[in-house]
Protein chains: 2
Amino acid sequence: METLEQVMETLNMETVLKAESGPCITHLLPIRDALDILSGKWKIPIIVALCVHKRRFKELHRDITGITAKMLSKELKELEVNKLVNRAVHATSPVTVEYSITEYGHSLWPVIRELRDWGLKHRDKIIYHPEEA
Amino acid sequence: METLEQVMETLNMETVLKAESGPCITHLLPIRDALDILSGKWKIPIIVALCVHKRRFKELHRDITGITAKMLSKELKELEVNKLVNRAVHATSPVTVEYSITEYGHSLWPVIRELRDWGLKHRDKIIYHPEEA
DNA sequence: CAGCATCCTCAGTGATACTG
DNA sequence: CAGTATCACTGAGGATGCTG
């Protein structure tokens, strides 16, 4: 089992931190990419909602408390660009659009699980045991 | 092995999305907590830098390209509150302050690894194979 | 229904200067 | 050295109304 230090060494820190390119592209940047795709106020709720089952725009708008149509539209577009979400237009009248999680979207699961697991432990540590160093 | 759908079901989505409290606290919120702690422009570079070895404020300021003293100070404070980073003041003259990763900080490793691994695969998929659905 | 256009605001960030 | 204070700016996100 590698330690955090060992892994960080593989990141070639001293080079990475100051590099404009090179090692940075294969090391720090991927972390940033993943973070950028998941962060923001609505990405996770949308992904979670679509993981349960496919939904239409209006349904998402209704099921995700507080989101505006503008943000929902924008976020879905980003998720679609990243191939995490599929957009299917049905030629009904009026048209309906169904959004669903892609197969590729499932690859996010290990990431989300780690985030959730760490977040749970962290909540416990900080909120319920704030006194411990 | 659980599927993403199965896990999402355990999140009790329909309840979670609309809940102000209750299930939300143990499910969506931890993900947001973790994300909040890691996201932003400087948290990861700081953590990575400190994982290689402890550093003083000035050293961090020098080693992390582009960060301002104000942001460095603010980010270190947040990391310290979350017990990921330790702040040690030495009564030299003038005083020096050493920042280091805590034992608890190491618990972030699985999270960072998953983010990096997914980010690497994603980079490959989106940038080098943009044509594939 | 599924969005887009417009306007707005305010918290996060940067630049610069200053302090114990 | 290790920060803080002040000001200015930007952009994520919200409110509202409109369209194909």
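All heavy atoms count here, side chains included; hydrogens, waters and symmetry mates do not. Note on naming: letters A, B, ... go to the chains in the order of the sequence lines (proteins, then strands), and numbering restarts at 1 for each one.
Trp42(B) has no side-chain polar atom (N or O) that falls below the 4.0 Å cut-off from OP1 or OP2 of dG12(C). Residue Lys58(B) has no polar side-chain atom (N or O) positioned under 4.0 Å from OP1 or OP2 of dG3(D). Under 4.0 angstrom from either OP1 or OP2 of dG3(D) there lies at least one side-chain N or O belonging to Arg87(B). Look at Thr68(A) and you won't find any side-chain N or O under 4.0 angstrom from OP1 or OP2 of dG13(D). Considering only side-chain N and O atoms, Lys77(A) lies nowhere under 4.0 angstrom from the phosphate OP1 or OP2 of dG3(C). The side chain of Tyr99(A) places no N or O atom within less than 4.0 Å of a non-bridging phosphate oxygen (OP1 or OP2) of dC1(C).
In this structure, His61(B) places its NE2 atom 11 Å from C1' of dA15(C), rounding to the nearest Å.
Ranked by how close their nearest DNA chain C nucleotide is to the 5' end, Val95(A) and Pro94(B) are led by Val95(A).
For a distance-only test at 3.5 Å, the side chain of Lys70(B) qualifies as a donor-acceptor partner of the base of dG14(C).
At least one side-chain heavy atom of Leu38(B) sits less than 4.5 Å from a side-chain heavy atom of Leu115(B).
With Ser39(A) contributing its side chain and Leu35(A) its backbone, the two residues share a donor-acceptor pair below 3.5 Å. Checked by atom type and distance alone, the side chain of His61(A) pairs as donor or acceptor with a backbone atom of Ile67(A) at under 3.5 Å.
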